Amino acid sequence: MTPVLAALLLIAVVGGPFASLVGPFPRRRTSIALGFLFGCVVVATILLSLTLLSIRWSRTSVLLPLFIMLALAIVFTHSARVAHETPAQSGQPAGPWPRIFDCGTLLVLLGYFLYATATAPWNWDFWAIWGLKGRAFWETRGIDWSFLTRPDNSFVQPAYPPLIPLLFDFIATLAGRWTDRYLGLLNFAFGVALLVIVRDFLDEEIGPFYAALSTLGLTTCCLTDWIGLAEGGFISLSMTGLLLMRRALAARSRRLLLASAVLLGFAAVTKQEGISLIIATGLALLTTPWGRTLPVIRDFTLSAIPSVTWAIIGLVHHLSNDVFFAADAGRRFVTHLHHPESLLQPMLADGDARLSLWVLAAVAFALAGPRFVRSERFLLIALPCQVAFFIGAYLISTMDLAWHIATSWGRVTEQVNAPLLYLACVALATTLGQEKLTDAGSAETISLSDR
């Protein structure tokens, strides 16, 4: 466990200077949590770059550029001297209840820690895809293109984004050996980082009482039980990116916009759903006045760079993709569309809890009123668009439709449930009479842009 914890700590340290460009925040822990996410971005970029440069992974070859980037980031952060507005404080007496709810969240995290580390990751997709790729890359000390292109290895989904296997390999590089015993700690770290960010963002918006209570409820969506898979990393990166974009719209801050673009861009090299999320976010961004300006559009297009880079690498190395680039996609789309029951029945088969959550969220938005819905249109457009992309992917799938939906619908909808529930909590707090302490979600708020 010690090498894994050391690797996760180093990731957070490396990302700290990058996170400081996004803040400051009322609490230091928010910057640490963001630093962990940006650190994952830095580590994955270094490992991929070393492979492209034909440099074998080793402690020296990985840590040397890592510390160079850390030093440059510290120097840049110091020289930039970014002027930030002072974050809003709640100004409310905390009282005992927020602490009680936070203790409940800590107990959930303790249980999740025990669950994630009870044994090595056990999901089939870890054995066949994420963990297997990480082990294969580790054995060759770099991304093994021959392994990915062998016809008998098509089950590993060669074109899947590489961020999670690369993080596994970073841990193995520091440890000097491959072991998957405590790789579940990566899921735990992603979950903790996201909950810290959610707790502090909510505290700025709706005060400590509702923030602590809402965070306790959000543990059901932010802590995924798919240990060893990419879901935990994707939910953390994508939701944080969406929340930062939401705040960027409120403050008209290009600094927050760029941070959001980076996280959404690397969410797209965590799971393929990140590509559709970038498109959905862009469409929602265009519905806001500030989002339609040329500088914002230009900055947001940076989010496409990581996924486009990986797509080019995949084309160069002939990595196959069994859904989006298979033949006869149009014919399958039309066939499935003519038989909607083949799509709806598997979705509704085990979706009672999921459907109930969506209905409750819709009720919360309706109670909050049209002004709230209008001010939060960014997320309320982006999230349904993402669900529509999920359905579109099923319609062109080469797999048996019922099997594909049964084995993935529960996982992919977790990705939208977390930000949806976040917004529903804000709506309920507003309905119950808690005046929003900041306009973190309003697309209409006007303030000075960052210089």
Side-chain angles (χ1 to χ4, degrees), residues 15 18 34 37-49 51-52 125 129-130 133 143 148 157-167 186 190 193-194 224 226 229-246 248 257-286 297-317 319-325 378-379 382-383 385-390 392-393 396 408 411-416 418-419:
F18 297 93
L34 270 175
L37 298 182
F38 281 108
C40 292
V41 168
V42 173
V43 165
T45 301
I46 289 175
L47 290 178
L48 179 58
S49 299
T51 295
L52 296 178
D125 280 1
I129 302 176
W130 311 105
K133 284 183 178 179
I143 297 179
L148 294 178
Q157 304 293 353
Y160 272 17
L163 187 138
I164 295 300
L166 291 177
L167 293 179
L186 185 61
F190 275 123
L194 180 57
T224 176
W226 303 98
L229 277 60
E231 266 66 29
F234 181 82
I235 290 173
S236 294
L237 289 167
S238 62
M239 182 171 176
T240 304
L242 288 172
L243 294 181
L244 288 177
M245 181 66 73
R246 180 173 171 266
L257 171 67
L258 288 172
S260 171
V262 170
L263 293 180
L264 290 174
F266 277 84
V269 289
T270 305
K271 291 206 71 182
Q272 286 180 323
E273 294 91 316
I275 299 173
S276 60
L277 182 61
I278 290 175
I279 299 173
T281 302
L283 293 175
L285 198 60
L286 291 175
I297 295 173
R298 182 191 62 215
D299 291 345
F300 181 70
T301 55
L302 296 176
S303 62
I305 291 177
S307 55
V308 169
T309 301
W310 179 247
I312 294 173
I313 293 172
L315 290 174
V316 170
H317 291 278
L319 304 183
S320 62
N321 188 307
D322 62 354
V323 176
F324 297 104
F325 299 108
F378 165 68
L379 281 182
L383 297 179
C385 283
Q386 179 71 341
V387 175
F389 283 127
F390 293 158
I396 64 173
S408 65
R411 289 206 311 267
V412 297
T413 50
E414 284 184 2
Q415 301 165 11
V416 299

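Note that this is a predicted model, so its numbers are computed, not measured. Heads up: numbering here begins at 1 and tracks the sequence.
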May I have the list of side-chain donor-acceptor pairs in residues 300-307 shorter than 3.5 Å, sequence neighbours left out?
| from | atom 1 | to | atom 2 | distance (Å) |
| --- | --- | --- | --- | --- |
| Thr301 | OG1 | Arg298 | O | 2.5 |
| Ser303 | OG | Phe300 | O | 2.7 |
| Ser307 | OG | Ala304 | O | 3.1 |

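- In this structure, Leu167 and Leu186 have side chains that are in contact, with non-hydrogen atoms separated by less than 4.5 Å.
- With hydrogens and angles disregarded, no donor-acceptor distance shorter than 3.5 Å links the side chain of Ser236 to the backbone of Leu194.
- Residues Glu231 and Thr224 have side chains that never bring a donor and an acceptor to within less than 3.5 angstrom of each other.
- Put simply, CG on Leu277 and NZ on Lys271 are 12.5 Å apart, with the number rounded to the nearest 0.5 Å.
- Closest approach of Arg246 and Phe378 over heavy atoms only: N-CE2, 4.1 Å.
- Residue Val416 forms a side chain to side chain contact (heavy atoms under 4.5 Å, CB included) with just one option from Leu383, Ile235, Leu379, and that option is Leu383.
- Gln386 is linked by a side chain to side chain donor-acceptor pair (under 3.5 Å) to Ser276, counting only residues two or more places apart in sequence or in another chain.
- Considering all non-hydrogen atoms of both residues, Ile164 and Phe190 come closest at CD1-CE1, 4.2 Å.
- Residues Phe234 and Thr270 approach most closely at N-CG2, 3.7 Å, considering heavy atoms.
- Checking side-chain atoms of Lys133 against main-chain N and O of Gln157 turns up a donor-acceptor pair under 3.5 Å.
- Within the 3.5 Å criterion, the main-chain N or O of Ala159 finds a donor-acceptor partner in the side chain of Trp310.
- When all heavy atoms are compared, the tightest approach of Pro161 to Ala268 is CG-O, 3.5 Å.
- In terms of heavy-atom proximity, Ser260 sits nearest to Leu244 at CB-CB, 4.0 Å.
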